[in-house]
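Data first, discussion second: the structure below is written as structure tokens.
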Amino acid sequence: MERLITGIEKLDAILGGGIPLYSINIVSGTPGSGKTILVQNIVFNCAKRGLKTLYLTTISESQFKIVRHLKEFDFFEDSLLENTFIYRDLGAVLRKEGWQKTLHHLDQLVKEHQPDIVVIDSFKAIRNLFPDEREFRAFVFDAAALLSIWEITVFLVGEYDEKELTSLSEFAIADGILHLYGTEEKRFQKRYLRILKMRGTSFEQGEHLFQITPSGIEIFPRIKPTDTELAYEVASEKRKSLGIPELDAMLSGGLKEGSITAISGGTGVGKTSFALSFLREGAEKGEKGLYLSFEEPVSQLKSNALSLGWDIEKYVADELINLKFVSPIELDVDKHIYEIFETIEKNRIKRFVMDSVTSFERSVVDLQKYKDYLWALIQHLKMKKVTSILILQNDDPFSALVVSKAPLSSLFDNIIILRYVEKQATIKRVLAVLKAKGASHSRDLREFEITSEGIKVLEKFDKADMLK
Amino acid sequence: MPEDLIAKIKQYEELLKETLKASEKYLGIISVKLLVERVKWDVSKEYREIEYLQYSEEGLSLQALVDNLKNTSDFPVNEMFKKFLARYVEILAKLVGEKEVKNIVKKLPVEELDNSFRGKR
């Protein structure tokens, strides 16, 4: 199946390579949903490759306004206007001379310009100019047949809402339907694209987040767990040190390569310190690490490291440790998880820390979506053999050995619990390895200290009366 | 018009009827009609006489062409129909696929296809 490459990278990916050539596609959505910008981004990308677009306006935005708004985008090129991007009006003929003449006018325009792509914007707006549904349907059918014969890929842009998609006749004729809509999640206005239909090709179903930026449309495809069962390679016996010899020993030599470890504990107990030690150890061995923080800004993380006696500035400068902070206020799961994947891929990350999964959970309204994302993230990390630590915040820092409130334990290969213990005005910190899949591990509760010379894991904790 | 020219036109009439009939299987009658109109338009830039080709629900007829050329003794009938068929087949292949068009093309004498239309757009 030959395709029209949209040039919007991830859109082509979710369309299975692009839009089938000579297809009739409806781009629908309420006003302001981004339909016109999406189509214009596509056609300008095509125009730069020499494909000609005939852009026909009807009864919505005037040509001069369209061009004026287009100039704000990087994809726009003035030199393409009247060259491979041609604006013409269809609305006047339709209003004054009727639909039969309009079809003839369309035929003449096609013959004159011989476009590869035709856009009619807005298509829905011309519905009311037809005396009845039957005549409109005939027009749609004839126009579709005409344009297909001229080997034209068509985009019909219209302000349809979702319930109209199953009732109006043009949707039955269309080969493809791309529906754009917005929602409000927590503080964010979010835009989504769904491909409801695309004959002749497979496509990624579900809602895909997108943004409108000065570059044009940027798509963040829906993250979904893969269907194939992930085969965990127990065969790999490589171990990654946490940089804390005693803890490595408790784990029979460290974390298995590609494993996912949860470090759970209350506020201030030392989770960040353990995670920083893990990345620092990797950096010393030349392994690139990524610390994704939703809790502390980069400067604070560097300061935390310094307080432990580690100057990680040189590793940051050499990009052996990548510190990235995303404010919980600005955290948009749909977008950021995609960026995580890209960063891991691009920078060949071997060690990854997410601090914290709890912040991640709090930013997602839909609990099922959160679980899907977490599962997809973990699968991705395992497949890429990225040894990872995911930090879980325990609201009760003195609690017994609790991993988290949500049922997440089964997702992790290893679980390290950190907690406080206290008695008679003394607070101590203890750790335990609750789980280490595929390996024997120490079951001791060990006291630990965080000092200006790093983390010190002490002897087995024998003060049982300090445990709740 | 010489008798052999009329005979040639009649031959092409039969050939076109076969070709269009075979295309209907893939395109449907309406789209075949549209495609014929399109190709006529293309070819008419060089040979205006192709406009006399008539194709409707009643079928294809070149009688109007014969009538209009009756006072002509020398007309490049072969070249005109070569161009028509080559262009028709080229577009048809893009719309329905090369494989599907193979059977239709098999019936056309190779010399009827103009090499200038073989290149892709």
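In what follows, every heavy atom counts, from backbone to side chain, and hydrogens, waters and symmetry copies are set aside. In this text, all values refer to a predicted model and were calculated from it rather than measured experimentally.
Heavy atoms from other residues, nucleotides or ligands lying under 6.0 Å from CD of A/Glu2 number 12 at most. Enclosure of atom NZ in A/Lys101 is not indicated, since only 12 or fewer non-hydrogen atoms of other residues, nucleotides or ligands lie within 6.0 angstrom. Within a 6.0 Å radius of CD in A/Glu82, other residues, nucleotides and ligands contribute more than 12 heavy atoms. Within 6.0 Å of atom CZ in A/Phe130, more than 12 heavy atoms from other residues, nucleotides or ligands are found, so the atom counts as buried in its surroundings.
The line from CG of B/Leu27 to OG of A/Ser148 is 10.0 Å long, rounded to the nearest 0.5 Å. Note: A/Ile149 CD1 to B/Ile91 CD1 = 8.0 Å, rounded to the nearest 0.5 Å. In this structure, CH2 in B/Trp41 is found 8.5 Å from CD in A/Gln108, a value given to the nearest 0.5 Å. The distance from the CG atom of A/Leu147 to the CG atom of B/Leu34 is 10.0 Å, given to the nearest 0.5 Å.
Only the side chain of B/Lys45 has a heavy atom closer than 4.5 Å to any heavy atom of chain A. If you measure heavy-atom distances from B/Leu35 to chain A, the contacts under 4.5 Å come from both the backbone and the side chain.
Taking the salt bridge (charged side-chain N to carboxylate O under 4.0 Å, His left out) definition, one finds that A/Lys52 meets it with nothing, sequence neighbours left out. In this structure, the side-chain contact (heavy atoms from CB on, under 4.5 Å) partners of A/Phe76, at least two apart in sequence or on a different chain, are A/Phe44, A/Val67, A/Leu70, A/Lys71, A/Asp78, A/Leu81.
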Step by step, work out the salt bridge (Lys or Arg N to Asp or Glu O under 4.0 Å) result for A/Glu151 and B/Arg38. CA-CA 11 Å; A/Glu151 303 158 69; B/Arg38 183 193 166 177; 2.6 Å; yes
